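First up is the structure itself, then whatever we jot down about it.
This is a predicted model, so every value here is computed, not measured.
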Amino acid sequence: MLSTGFASAPVSRSLAYGIVATSLLASITDTKHFFYIQVDPHIWQYHQLWRVLVYQLCYTNSTECLFAAMTVYNVRVVERVWGSRKCASFIALSFLLTTILPPLLLTTIIRPLSLHTINYLPAGPTPLIFSLLAQYHALIPHVYKYRIAATPYNPATSASFTGLTFSDKSYVYLPALQLALSQFPGSLLCAAVGWVVGYSWRNEVLPGRLTRWRVPAWVVGEKMRKRGEDFEGLRRRLEGENGGTAAAAATGSDGRLGGEVGRRRPLARQLVDQFRGAF
């Protein structure tokens, strides 16, 4: 049975609620101008480096907030596959990397190459969301595909298909695509960096210590068990299986004693035993 809503996905639920809550709070308090980044003047003239740490905390318009929450809801299945602790660890690591990389690339590479025309980095956790979307793309297979034809199909001819091919995962990518193009080109830069970070984590391009790191269990509401408790549970389970095997070998499935029960009887012997009492 498929789970609906955010069942078994508390980290994704907290992320979606947090995006909506922080965006709403920034709008109510009229502080949205503190979250986006303009390399000039924010970085070069005013030296407001703290903007690098806060630009992913909220969105500055309701459209981006809506599509971001929809995308987080659609990729919640990643947490169900991984577990809450692994998902929270990936989100924390991705947030750290995507906080640093987009402003750094914009300031040192993209802005000089564009002759200072690309100067704006929009607010919002778009890089983080696209790092999660990369895991969804690699982890979850499509169930079916469908086509939208651009021309009428004629079975009598052997003309090739002309149109677009979609899958059941397309509805997940369409809101994310809108999110990536909402404030072009800055939003596209954030989306590309998030996608690269997500696949770098999955393909073990990042150092092994980073990919193996996990948040403490209490962060996601799990109880940390001692290493000895795991071995104790394994020992008890093996003892129970061994005890059941020994009892079955001693009595047999039909309640008879003897060593022949432990051996597999041929078909002829089974037929003789079945009709022995009738003669």
Side-chain angles (χ1 to χ4, degrees), residues 3 6 8-16 18-19 52-53 55-57 68 70-110 121 124-143 145 167-170 172-177 179-180 185-227 230-231 234:
S3 299
F6 283 108
S8 303
V11 176
S12 300
R13 179 180 63 239
S14 300
L15 179 60
I19 290 173
V52 175
L53 303 177
Y55 84 95
Q56 281 201 95
L57 295 182
M70 290 174 58
T71 305
V72 172
Y73 178 82
N74 291 330
V75 302
R76 70 196 185 281
V77 66
V78 174
E79 181 181 356
R80 293 174 179 168
V81 175
W82 278 356
S84 297
R85 188 179 182 188
K86 183 177 180 179
C87 184
S89 304
F90 172 75
I91 289 176
L93 178 62
S94 297
F95 184 83
L96 176 62
L97 295 177
T98 56
T99 295
I100 300 173
L101 291 178
L104 182 63
L105 292 175
L106 177 63
T107 304
T108 60
I109 299 178
I110 297 178
L121 194 68
T126 301
L128 177 61
I129 292 174
F130 269 81
S131 66
L132 278 171
L133 189 65
Q135 305 305 318
Y136 176 86
H137 176 266
L139 190 64
I140 308 301
H142 64 268
V143 179
K145 290 185 177 181
S167 71
D168 59 303
K169 296 171 62 177
S170 299
V172 178
Y173 300 135
L174 290 178
L177 180 62
L179 190 63
S187 57
L188 184 61
L189 170 64
C190 293
V193 171
W195 188 272
V196 171
V197 168
Y199 261 95
S200 298
W201 186 92
R202 183 171 186 83
N203 296 330
E204 299 182 352
V205 177
L206 300 177
R209 290 187 177 181
L210 294 179
T211 58
R212 292 191 299 267
W213 174 79
R214 297 292 182 268
V215 298
W218 57 265
V219 173
V220 293
E222 296 180 359
K223 182 180 179 182
M224 178 66 72
R225 295 188 302 176
K226 297 181 179 179
R227 189 176 182 85
D230 297 334
F231 288 110
L234 179 61

| task | Take Leu133 and Val172 through the side chain to side chain contact (heavy atoms under 4.5 Å, CB included) test and state the conclusion after the steps. | result | CA-CA 9 Å; Leu133 189 65; Val172 178; 3.9 Å; yes

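- Tyr136 OH to Thr71 OG1: the interatomic distance, rounded to the nearest 0.5 Å, is 10.5 Å.
- In this structure, Cys87 and Ile91 have side chains that are in contact, with non-hydrogen atoms separated by less than 4.5 Å.
- Contact check for Pro127 versus Val197: no side-chain heavy atoms found under the 4.5 Å cut-off.
- Taken to the nearest 0.5 Å, the CD1 atom of Ile110 stands 4.0 Å off from the CG atom of Leu189.
- Heavy-atom minimum distance, Arg85 versus Val215: NE-O, 2.7 Å.
- In this structure a side-chain-to-backbone donor-acceptor pair under 3.5 Å is present from Glu79 to Val11.
- Phe130 meets the ring-ring contact (aromatic ring centres under 6.0 Å, His included) test with no other residue; sequence neighbours excluded.
- The shortest distance between side-chain heavy atoms of Val81 and Ile140 falls below 4.5 Å.
- Taken to the nearest 0.5 Å, the CD1 atom of Ile19 stands 13.0 Å off from the CE atom of Met70.
- Annotation: side-chain contact (heavy atoms from CB on, under 4.5 Å) contacts of Tyr73 (sequence neighbours excluded): Phe6, Arg76.
- Residues passing the side-chain contact (heavy atoms from CB on, under 4.5 Å) test with Thr107 are Val39, Trp44, sequence neighbours excluded.
- Not counting sequence neighbours, the partners of Gln56 by the side chain to side chain donor-acceptor pair (under 3.5 Å) test are Thr98, Thr99.
- Between Val52 and Pro103, the closest heavy-atom pair is CG1-CG, 4.0 Å.
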| query | When you look at Leu97 and Leu206, which way does the side chain to side chain contact (heavy atoms under 4.5 Å, CB included) test go after all the steps? | reply | CA-CA 11 Å; Leu97 295 177; Leu206 300 177; 3.8 Å; yes

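- Looking only at side-chain heavy atoms (C-beta outward), Pro10 and Val220 stay at 4.5 Å or farther from each other.
- The structure places OG of Ser187 at 7.5 Å from CG of Leu179, a figure rounded to the nearest 0.5 Å.
- Rounded to the nearest 0.5 Å, atoms CG (Leu53) and CG (Leu96) are 10.0 Å apart.
- Taking 4.5 Å as the limit, every side-chain heavy atom of Ser12 sits out of range of all side-chain heavy atoms of Val75.
- Under the 4.5 Å side-chain criterion, counting only non-hydrogen atoms from C-beta, Leu139 is not in contact with Val77.
- For residues 189-206, the set of pairs meeting the side chain to side chain donor-acceptor pair (under 3.5 Å) definition, not counting sequence neighbours, comprises His137-Tyr199.
- Looking at Arg214, its side chain never comes within 3.5 Å of a backbone N or O of Lys86 through a donor-acceptor pair.
- Partners of Ser131 according to the side-chain contact (heavy atoms from CB on, under 4.5 Å) rule, which considers only residues two or more places apart in sequence or in another chain, are Phe90, Ser94, Leu128.
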